[in-house]
There are 2 protein chains.
Amino acid sequence: MTDLMVQERQAEILRRLKQDGRVLSASLAAEFRISEDTIRRDLRDMANAGLCERVYGGALPVSRGATTLSQRMGVASERKKALAATASTLIPPRCTVYFDAGSTNLAIAEAVHEDLVVTAVTNSPAIALVLTEKPLVEVILIGGSLDRVVGGAVGARAIEAMSVIRPDICFIGTCGIDVDGGLSAFRLEDAAFKQYIAARSRRVIVAATREKFDAAAPYAVAAAGQYHCLVTEPGVDPHRLAPLREAGCEIIEAGLQEGRKTGRDQNND
Amino acid sequence: MTDLMVQERQAEILRRLKQDGRVLSASLAAEFRISEDTIRRDLRDMANAGLCERVYGGALPVSRGATTLSQRMGVASERKKALAATASTLIPPRCTVYFDAGSTNLAIAEAVHEDLVVTAVTNSPAIALVLTEKPLVEVILIGGSLDRVVGGAVGARAIEAMSVIRPDICFIGTCGIDVDGGLSAFRLEDAAFKQYIAARSRRVIVAATREKFDAAAPYAVAAAGQYHCLVTEPGVDPHRLAPLREAGCEIIEAGLQEGRKTGRDQNND
DNA sequence: CCGATTTATGCATGTTTATGCATGTTTATG
DNA sequence: CATAAACATGCATAAACATGCATAAATCGG
């Protein structure tokens, strides 16, 4: 182990912490060929900076217990992750893509590949936060009054902020898909905002898990002919997809290799 | 090693920095056959120009220092939590409060009491997300281009969005406090945005942990007389606080019961 | 071409930082 | 509750550092 400077050493400790899930003062001292006192000072500093949790004998990652946010943002179900993985491949490089607020679109944002260079626009703080972690994504945040049911900004200010942006592609969230293939939302302002976005976008994509076909919401967003592509799961009743196909909407079923319909899947939205 | 001009030498240092991931003052001095003092001056200049990060013994690439959000989002230290708890009591009910982006203000937002009824404005997705959890807080999100170093929206669109809002109280973040009590920021656009916010707000509060007094940043935000209240920790050199008091700035020391100064705390903002 | 000014550098001085060691305290565990 | 390991703290020290100053070269202005 070559001599390291303080910052390098602490970075290495942090790396091991992530990799192994823990570090021991004694082992670290032996590996770095320095005294345990110095290691203890390092760990104390790092804990003070919120980079690890200090315990007797070494340190643990902070993610133990109090990771408020990852819990709060809720890990997407495996089904939703598979759907999101497929949907994220529809984003061409170097385009401008809009992510509507919603847990499905959050999953798509998470699935964006690290190497993808795009300009991303969103009205959702949670999605913005996830996209900030992708080094090659430029993030544009649409501001306005936050609707906590929607999880994003809607209303006049948000529409005005969008008026200067014309996305190449947009992912619109939906609360339900009716028998004619129309989309709906729970909130009036949200529905209006979605309509505005869809009208401005060159290509409108809707990603929806299969239980959206069983749900209804009061405010209409778009009819079957008004969006270009639906990404969904296998196992949706073909009669429900037929009107969409007739309206010229491309249907993509994610993860076709498996995915039996058991009827017992729980809605994770 | 043939004699090089300053710019050539610094370019060569930069090249090695990229290649090896680190440089040492002593080795460089030996290789270039010049004194370590000159190398140190080079490194200081380069760090000032944002080309490297200065550390004890040499320098590291900048990409390491700007480890954006993942660290910063890390659980706030106990010290920061104590500071935030005190700062959050300064928010009167039913007012409009602005939270600037930054880890300290994120902690303050987390510390907002569940029973407090306020309108909160922020340019930070992370802070917006935290505030969405508080049922009685109406959240206004300031949009614009997200700066991932700042962790919030800055620039023309953000300023335009703020132009219709006049906060009763605002929490401004700072990257460093100079000897005269002036605030500074790492990014030009961020500094400009902070100035705009401060000018529009009836009451400007700065919350800063004590290591901010040891940090410096290139862009000036506000002089001592331009903010009304500083919330900080015990253990700050009284000589640093004196100019602030003279300028009429209220000083609040959080958690007066304890707070050792170790001098080894690292700036994590 | 010559004096004035700036710039790059090295050296002397005092300060800060990183580290190890000694000492006393706390913690985990049988 | 006994004990050994882990720990915090103060202190010592050497390396790294900042700063002021001196010098020599480079640049500039007339």
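The structure displayed is predicted, hence computed values, not measured ones. These values consider heavy atoms only, across backbone and side chains, with no hydrogens, waters or symmetry-generated copies. Lettering follows sequence order; numbering is per chain, from 1.
Phosphate proximity of C/dG10 to B/Ser35: present, with a side-chain N or O under 4.0 Å from OP1 or OP2. OP1 or OP2 of C/dA18 has not a single side-chain nitrogen or oxygen of A/Thr38 nearer than 4.0 Å. Put simply, B/Arg54 has no side-chain N or O that comes within less than 4.0 Å of OP1 or OP2 on D/dA16. Under 4.0 angstrom from either OP1 or OP2 of D/dA18 there lies at least one side-chain N or O belonging to B/Arg44. When the side-chain nitrogen and oxygen atoms of B/Arg9 are compared with OP1 and OP2 of C/dT9, one or more of them lie within a distance under 4.0 Å.
In this structure C/dG10 sits in a base pair with D/dC21, meeting the Watson-Crick or G-U test at under 3.5 Å. Nucleotide D/dA2 forms a Watson-Crick or G-U wobble pair with C/dT29, both donor-acceptor distances falling under 3.5 Å.
A side chain to side chain donor-acceptor pair (under 3.5 Å) with B/Gln19 is found for exactly one of B/Arg22, B/Arg16, B/Arg15, namely B/Arg15.
Checking D/dG20, C/dT19, D/dC17 against every side-chain atom of B/Arg41, the shortest atom distance belongs to D/dG20. In the set C/dG10, C/dT19, D/dT9, the nucleotide with an atom closest to the side chain of B/Ile34 is C/dG10.
Computed from coordinates, the A/Met5 CE to C/dT19 P distance equals 11 Å when rounded to whole Å. Per the geometry, CZ belonging to A/Arg40 stands 17 Å off P belonging to C/dT25, to the nearest Å. Rounding to whole angstrom units, CG of residue B/Asp42 and P of D/dA16 are separated by 17 Å. In this structure, B/Ile39 places its CD1 atom 16 Å from C1' of D/dA18, rounding to the nearest Å. The interatomic distance linking A/Glu36 (CD) with D/dA5 (C1') rounds to 9 Å, in whole Å. With rounding to whole Å, A/Glu8 atom CD is found 13 Å from C/dA18 atom P. When rounded to the nearest whole Å, the span between CG of B/Asp45 and C1' of D/dA18 equals 13 Å. As a whole-Å value, the separation of B/Asn48 CG from D/dC17 C1' is 16 Å.
In this structure, B/Phe193 and B/Tyr98 have perpendicular ring planes: the angle between them is above 60°, well past the 30° mark.
The NZ atom of A/Lys80 lies 9.0 Å from the CG atom of A/Leu106; values are rounded to the nearest 0.5 Å.
Of the two residues contacting DNA chain D, namely B/Asp37 and B/Tyr56, the nearest-nucleotide position lying further toward the 5' end is that of B/Tyr56.
Although no hydrogens or angles enter the test, the distance criterion places no donor-acceptor pair under 3.5 Å between the side chain of B/Ser184 and the main chain of B/Tyr219.
Between A/Glu114 and A/Pro135 there is a side-chain heavy-atom pair separated by less than 4.5 Å.
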